[in-house]
Trainee: 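Attaching a single structure in structure tokens format; questions to follow.
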Amino acid sequence: MALNMTFRQLKVFESAARNLSYTRAAEELHLSQPGVSMQIKQLEGVVGLPLFEQLGKKMYLTAAGREIYAYSKSIGHMLDEAEVVLDELKGVQTGRLSISVATTASHFATRLLAAFSQQHEDVIITLDITNRASLREQLEANRPDMVIMGQPPEGVEVESEAFMDNPLVMIASRNHPLANVKNIELQRFEDEHFVVREKGSGTRSAIERFFIEHDVSFHTGIEMSSNEAIKQAVEAGLGLGIVSIHTLELELETSRLQVLDVKDFPIQRHWYVIQRKGKRLSPVAQAFKTFVLEQAKEFIRLS
Ligand code: PGA
């Protein structure tokens with residue numbers, strides 16, 4: 001036997017059963033009292049049993065009424081849930097996304113965003129590329145939806161998830177005397193000069209921490225705020241460099257630079273996707289986060 005009840009009848013019944021009153025159901029649903037009464041009569045007709053009984057002035061649910069009430073509540077919850085899911089889907093196609101990434105992460109983040117925007121054509125994306133110190137300030141002010149950086153910042157409450165390794169390697173020009181030496185001791189570099197990133201860069205502080213931990217002195221030479229500039233300087237013989245392997249795709253392909261075989265290297269770091277703690281991500285931001293966690297690795301090209 002098919003029960004030919006409608007969502008509308010169930011909705012009206014659910015309200016009347018919860019309130020145990022046709023009048024209150026009518027108010028809640030902006031219907032007339034006879035309108036409510038008619039919907040419930042029709043439902044009773046479909047079910048084939050009375051759903052309410054009146055004892056004195058008070059209304060009660062019958063056994064059949066209690067059964068239908070339980071189902072009408074679950075169906076109501078499922079419809080509410082469907083509405084949320086559909087809203088989220090609509091949001092994903094039309095939202096705005098504001099992402100800030102560490103200078104070093106820009107080497108893969110641009111490809112990542114390009115792929116994401118191909119899948120979500122109506123999303124308007126803004127990308128800010130800056131160093132670690134400025135990312136920390138942005139997180140504190142809760143400006144971007146999300147940040148991609150080399151390590152969660154200190155002193156700001158954030159939620160962070162690591163999604164990929166970020167090894168820092170030592171680079172030299174191809175004709176450097178150490179270019180083909182194996183397993184070079186770290187002490188060997190005490191007298192060398194390094195072309196380094198500016199203070200405030202995550203790469204820079206990770207390198208300094210590493211040398212302190214290994215009790216080896218570290219001499220900075222020229223400072224530069226761009227990884228590209230550092231690679232060119234190293235290639236031109238201005239010093240050695242230590243950079244994330246993710247900045248090296250092209251140079252390794254064309255062998256313009258040499259990664260040195262240094263003991264205890266690479267310096268192990270990770271990439272994190274980070275948001276301010278307690279931030280409610282928009283549907284599009286949530287979709288981007290999932291995309292990063294699941295697919296970022298595919299956008300790294302190393303020879
Ligand atoms: P940066 O990035 O060196 O470009 O600041 C790496 C990091 O966030 O640690």
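Numbering of ligands and ligand atoms starts at 1, following listing order. Any value given below was found using the heavy atoms of this structure, including those in side chains, with hydrogens, waters and symmetry copies removed.
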Trainee: Mind running ring-ring contact (aromatic ring centres under 6.0 Å, His included) on F211 and F189 for me, showing each step along the way?
Mentor: CA-CA 10 Å; F211 276 86; F189 298 98; 7.7 Å; no
Trainee: With nothing but distance in play, are any N or O atoms of G200 less than 3.5 Å from an N or O of ligand 1?
Mentor: no
Trainee: Nearest to atom 3 (O) of ligand 1, what protein heavy atom do you find, and at what distance?
Mentor: T203 OG1, 2.6 Å
Trainee: Nearest protein heavy-atom contact for atom 4 (O) of ligand 1: which residue, which atom, what distance?
Mentor: T104 OG1, 2.8 Å
Trainee: Do side-chain atoms of Q54 reach the backbone of K57 as a donor and acceptor pair under 3.5 angstrom?
Mentor: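 At least one qualifying donor-acceptor pair exists.
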Trainee: Give me the ring orientation class for F108 and F163: parallel if the planes are under 30° apart, tilted from 30 to 60°, perpendicular past 60°.
Mentor: perpendicular
Trainee: Taking distance alone, with N or O pairs closer than 3.5 Å, would you say G150 contacts ligand 1?
Mentor: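 It does: an N or O of G150 is found under 3.5 Å from an N or O of ligand 1.
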Trainee: Any nitrogen or oxygen of N131, side chain or backbone, less than 3.5 Å from one on ligand 1?
Mentor: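 By distance alone, the answer is no.
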Trainee: What's the spacing between E140 CD and L135 CG if we round to 0.5 Å?
Mentor: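 The CG atom of L135 is 12.5 Å from CD of E140, to the nearest 0.5 Å.
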Trainee: Only heavy atoms of T103, strictly under 4.0 Å: list the atoms of ligand 1 that pass.
Mentor: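 Heavy-atom distances to T103 below 4.0 Å select 4 (O).
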Trainee: For L113, run the side-chain contact (heavy atoms from CB on, under 4.5 Å) check against V123, I125, T126 and tell me which one passes.
Mentor: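 Testing L113 for a side-chain contact (heavy atoms from CB on, under 4.5 Å) against V123, I125, T126 leaves exactly one candidate, I125.
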Trainee: So, taking the atom named CD1 in I148 and the one named OG1 in T104, what distance separates them when rounded to the nearest 0.5 Å?
Mentor: 12.5 Å
Trainee: Just wondering, more than 12 heavy atoms not from R18 lying within 6.0 Å of its CZ?
Mentor: yes
Trainee: N/O to N/O below 3.5 Å, does that happen between W271 and ligand 1?
Mentor: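 In fact, backbone or side chain, W271 has no N or O that close.
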Trainee: N/O of S201 under 3.5 Å from N/O of ligand 1, yes or no?
Mentor: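 Indeed, backbone or side chain, S201 has an N or O that close.
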Trainee: Could you state the interatomic distance from CZ (R204) to CZ (R132), rounded to the nearest 0.5 Å?
Mentor: 14.0 Å
Trainee: Measure the spacing between CG of L79 and NZ of K11 and express it to the nearest 0.5 Å.
Mentor: 8.5 Å
Trainee: Any idea which atoms of ligand 1 are less than 4.0 Å away from a heavy-atom of R132?
Mentor: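 So the answer, numbered in order with elements, is 5 (O), 8 (O), 9 (O).
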Trainee: Between T130 and ligand 1, does any nitrogen or oxygen pair lie at a separation below 3.5 Å?
Mentor: no
Trainee: How far is atom 2 (O) of ligand 1 from the closest protein heavy atom, and which atom is that?
Mentor: A102 CB, 3.2 Å
Trainee: May I ask you to identify the nearest protein heavy atom to atom 5 (O) of ligand 1, giving residue, atom name and distance to one decimal place in Å?
Mentor: G202 N, 2.9 Å
Trainee: Of the backbone atoms (N, CA, C, O) and the side-chain heavy atoms from C-beta on, which set of R269 has a member under 4.0 Å from an atom of ligand 1: side chain, backbone, both, or neither?
Mentor: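 Within the 4.0 Å criterion, R269 contacts ligand 1 through side-chain atoms alone.
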Trainee: Between R24 and E28, is the closest basic N to carboxylate O distance under 4.0 Å?
Mentor: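 So E28 does not pair with R24 through a salt bridge.
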Trainee: Please identify which atoms of ligand 1 are closer than 4.0 Å to at least one heavy atom of M149.
Mentor: 8 (O)
Trainee: Which atoms of ligand 1 are found less than 4.0 Å from any heavy atom of R197?
Mentor: 1 (P), 3 (O), 4 (O), 5 (O)
